[in-house]
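Below: the structure, in structure tokens.
Just so you know, these numbers come straight off a predicted model, no measurement behind them. Naming convention: chains lettered A, B, ... in sequence-line order (proteins, then strands); numbering from 1 in each chain.
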Number of protein chains: 4
Amino acid sequence: MTARPKSGRPRSESAKQSILDGAYQLLDEGGYAAFSIDAVAGCAGVARTTIYRWWPTKGLLATEAFLARVQANVDFQATDSAIHDFTRMLAGVGALMAGSAGRVAASILAEGQRDPETLEAFKTSYHQVLRSRSVPLLKAGVARGELAPDLDPDLLLDAAIGAIYLNLLLKQPVSEQWARQLAERLLKGALASSPPSPDTSRKTRP
Amino acid sequence: MTARPKSGRPRSESAKQSILDGAYQLLDEGGYAAFSIDAVAGCAGVARTTIYRWWPTKGLLATEAFLARVQANVDFQATDSAIHDFTRMLAGVGALMAGSAGRVAASILAEGQRDPETLEAFKTSYHQVLRSRSVPLLKAGVARGELAPDLDPDLLLDAAIGAIYLNLLLKQPVSEQWARQLAERLLKGALASSPPSPDTSRKTRP
Amino acid sequence: MTARPKSGRPRSESAKQSILDGAYQLLDEGGYAAFSIDAVAGCAGVARTTIYRWWPTKGLLATEAFLARVQANVDFQATDSAIHDFTRMLAGVGALMAGSAGRVAASILAEGQRDPETLEAFKTSYHQVLRSRSVPLLKAGVARGELAPDLDPDLLLDAAIGAIYLNLLLKQPVSEQWARQLAERLLKGALASSPPSPDTSRKTRP
Amino acid sequence: MTARPKSGRPRSESAKQSILDGAYQLLDEGGYAAFSIDAVAGCAGVARTTIYRWWPTKGLLATEAFLARVQANVDFQATDSAIHDFTRMLAGVGALMAGSAGRVAASILAEGQRDPETLEAFKTSYHQVLRSRSVPLLKAGVARGELAPDLDPDLLLDAAIGAIYLNLLLKQPVSEQWARQLAERLLKGALASSPPSPDTSRKTRP
DNA sequence: AATTAATCGAGACGGTACGTCCCGTCTTCCT
DNA sequence: AGGAAGACGGGACGTACCGTCTCGATTAATT
């Protein structure tokens with residue numbers, strides 16, 4: 001129960017939805033440049049004041065519009081294979097970010113550079129959720145001996161998520177398939193896997 | 001030869017420098033929010049028109065201010081160890097981005113979400129330079145048998161650079177030391193190195 | 001009988017009074033600038049809707065608040081001296097307008113410039129009442145031979161009342177004493193009273 | 001010479017004129033209700049910011065628009081007859097205020113109730129000018145013996161000007177002819193001119 | 001030396017979006 | 001039915017920057 005409305009005219013759910021939809025749509029189609037309170041109001045058929053009544057800044061509006069579409073779209077179910085879990089998680093994020101959500105997320109990150117509250121909201125309500133659900137999967141893998149005992153889950157996730165964000169921000173394509181390859185590489189590492197051969201490097205060799 | 005000055009009053013180098021310095025300083029100290037043409041002009045003691053004469057958009061000004069400070073600050077020298085080269089490169093980027101350059105880069109990426117030209121300029125003049133100098137190091141490692149034969153250098157660099165950008169954008173600390181750990185993990189991979197032990201997981205066997 | 005309450009909850013007299021008091025107080029203390037429906041509601045501890053239920057515009061509310069304080073504060077009793085009656089009337093208006101009522105009246109006149117209904121209400125319920133009670137006093141004086149036979153009472157009252165309103169609007173002091181002097185001058189006229197003297201003006205002449 | 005413009009793009013006289021004209025026209029046609037910065041900008045074909053650049057408040061804009069039309073429209077020339085001078089002056093004000101200037105003046109007085117600066121500007125730049133030019137005419141008349149020796153010129157002018165403002169504010173007609181009658185009455189006074197009849201007043205005389 | 005041409009400073013201009021205040025209307029529950 | 005609460009669409013406010021523009025003053029290279 002979220003504190004019953006007590007009295008007064010109840011909030012218009014249709015207006016709320018129009019605003020979130022309008023915001024999302026503008027961010028998706030026109031990018032950050034097209035995203036203004038004025039434009040959202042116009043696109044949602046709503047008075048500007050109605051937006052300000054509920055969202056203090058446009059960054060927080062964008063964040064909420066993002067969350068409303070993304071909620072629980074990624075599978076974090078734990079199995080007995082951390083490899084599978086990690087791969088599945090990253091593939092899920094990749095698939096999600098391959099579409100409009102990726103463009104919206106990039107805009108939110110941009111706005112977050114200007115407004116600390118927006119950044120904080122994005123981190124708290126999305127980014128850290130993603131992390132906090134992923135870390136246990138990795139820790140289980142470490143405990144199970146499946147992953148390297150000295151693995152820092154945060155570092156691995158920085159690389160995994162960072163790679164995705166990087167491509168979003170640079171407007172380069174992201175896909176589920178690409179995310180799977182990324183997961184595989186992060187797991188296997190870049191080094192030659194076999195015995196690095198008697199001698200790893202140098203031309204040498206008898 | 002940069003197109004000889006023909007005639008007329010030559011461009012004021014001091015103004016140019018003041019502008020670049022002012023832009024960089026504003027981005028460093030006040031972040032993207034404090035970065036406006038007006039502010040740069042005021043801070044550089046220069047007329048606004050002088051800025052517009054030389055930089056079409058503030059994104060490109062920011063990019064140039066960034067480049068002026070960053071030029072060739074990273075060591076890409078190739079040795080016979082790709083491991084060392086990659087680690088050194090990444091440590092260099094980490095060290096650079098740990099300071100004001102990191103804050104400025106984050107702002108440029110933000111502006112890039114709004115203005116495609118800014119993004120393009122950043123990619124062309126900085127990001128792709130970084131990549132194009134790093135890839136040969138990795139390819140040499142692959143050729144040498146030091147790195148995995150199926151390694152996609154771009155994928156590895158996405159993870160490496162992406163991890164750094166991620167922390168910049170999220171206003172989380174970046175350091176040379178942290179970048180070294182990142183490099184090590186990316187090279188070694190996340191999997192347990194040894195034979196995953198007789199049996200790491202599963203319900204065991206009968 | 002004032003239309004018996006029929007059915008339903010009767011109008012709250014306390015709310016009505018709070019609103020009128022609040023309106024008057026706001027106009028007195030903060031002037032026209034401080035007078036908004038929101039402010040009155042807040043100051044009266046009343047819902048905005050309650051105000052709108054009973055007063056269509058803020059001008060009419062102000063007018064009613066004004067009247068509630070002013071009602072019959074001026075003495076129009078007719079004696080056998082129009083001079084005294086006129087002087088007493090004007091002194092009464094002066095005394096009244098010297099205080100908060102003057103500030104409120106000025107605000108109502110201001111609002112009346114924007115809203116014709118407010119102006120009409122002020123004229124009908126206050127200004128014309130004042131005039132219609134004063135005119136007979138003057139007419140009696142004319143009939144009695146006390147005042148000039150060609151006196152237009154309206155013209156005289158325009159000058160008398162106008163002088164007071166002028167000072168109210170210009171935020172210049174008004175007082176009973178000043179009003180008495182005004183009355184005296186209006187009665188006596190500006191011309192030299194005596195035989196304009198053998199020669200009133202001109203370079204004279206022998 | 002009003003401090004030569006030194007440098008920078010010179011102020012657009014056409015824009016200035018459009019704004020003053022637009023403001024005056026709006027006040028004339030639609031009254032105070034129609035007078036908003038937005039409307040003036042639209043009506044003048046000018047950016048809103050251009051208005052704010054030169055006039056801090058709409059009241060001062062209105063005042064300036066008023067003055068631009070009214071400047072020296074009244075004849076204050078002194079002759080050797082204060083009666084003529086006063087009558088001419090008042091007839092001039094009446095004629096002026098009978099038209100659009102009267103409607104505009106009423107609006108300015110209304111705005112002046114909300115914004116002290118506007119009131120001050122109106123008083124200083126118009127009202128007091130009118131007064132200060134009228135007073136000498138009256139004083140001369142007093143000195144000459146034409147007007148009552150105990151005449152307070154300010155009091156007379158309060159009555160004269162106040163009567164005009166009153167009718168403006170109440171949206172009642174003002175005309176030159178009416179103003180002449182007003183002047184005459186103020187000069188002659190309201191009292192019966194002849195021997196006030198055996199006993200006009202009180203204690204009579206022994 | 002005079003001319004020419006591009007720069008620089010200053011600052012006005014038309015314009016977009018902001019975030020706030022108040023308006024008058026509405027919807028809901030409570031008395 | 002009245003009243004309290006409060007959301008809604010909307011208009012205007014005054015501010016901050018934007019990018020463009022027109023000035024006068026400065027500064028070389030070209031006459």
Taken to the nearest whole Å, OH/C/Y52 to P/F/dC8 is 18 Å
Contacts of C/V46 and A/G45 projected onto DNA chain F by closest heavy atom; the upstream (5') one is C/V46
**OP:** Would you please confirm or rule out a distance under 4.0 Å between OP1 or OP2 of F/dC8 and any side-chain N or O of A/R53?
**Re:** yes
Are the aromatic rings of C/F66 and C/Y24 close, with centres under 6.0 Å apart?
no
In the structure I gave you, are the side-chain heavy atoms of C/E64 and C/K16 within less than 4.5 Å of one another anywhere?
yes
Rounded to the nearest 0.5 angstrom, the NZ-CG distance for B/K58 and B/D38 is 10.0 Å
>> F/dA4, OP1 or OP2 - any side-chain N/O from C/T50 closer than 4.0 Å?
In response: yes
query = Ignoring hydrogens and angles, does a donor from either the side chain of B/R9 or the base of F/dT26 sit under 3.5 Å from an acceptor on the other?
reply = yes
A/E111 atom CD is separated from E/dA17 atom P, nearest whole Å, by 15 Å
Taken to the nearest whole Å, NZ/B/K58 to P/F/dA16 is 15 Å
Per nearest nucleotide of DNA chain F, the residue lying toward the 5' end, C/E13 or B/A39, is C/E13
Nearest-nucleotide check on DNA chain E, D/A15 vs A/S36; residue mapping nearer the 5' end is D/A15
note: C/D38, atom CG; E/dC21, atom P; distance rounded to Å ~ 11 Å
Under 4.0 Å: is that the gap between some side-chain N or O of B/W54 and OP1 or OP2 of E/dC8?
yes
A/I51 atom CD1 is separated from E/dT20 atom C1', nearest whole Å, by 15 Å
Separation of F/dG2 atom C1' from C/I19 atom CD1, nearest Å, is 12 Å
At less than 3.5 Å, do the side-chain atoms of C/S12 and the base atoms of F/dG3 form a donor-acceptor pair? no
When B/K16 and C/A33 are each assigned the nearest nucleotide of DNA chain E, the 5'-most assignment goes to B/K16
note: A/L60, atom CG; E/dG19, atom P; distance rounded to Å ~ 11 Å
Among the nucleotides F/dA4, E/dA10, F/dC18, whichever has the atom closest to the side chain of B/I37 is F/dC18
Would you say B/Y126 and B/I108 make side-chain contact, with heavy atoms under 4.5 Å?
no
query = Is there a donor and acceptor pair closer than 3.5 Å between the side chain of D/S7 and the base of E/dG9?
reply = no
Does some side-chain heavy atom of B/R114 sit less than 4.5 Å from a side-chain heavy atom of B/T57?
-> no
- prompt: Is there a side-chain polar atom (N or O) of C/R48 under 4.0 Å from OP1 or OP2 of F/dG6?
  reply: no
Taken to the nearest whole Å, CG/B/L61 to C1'/F/dC17 is 15 Å
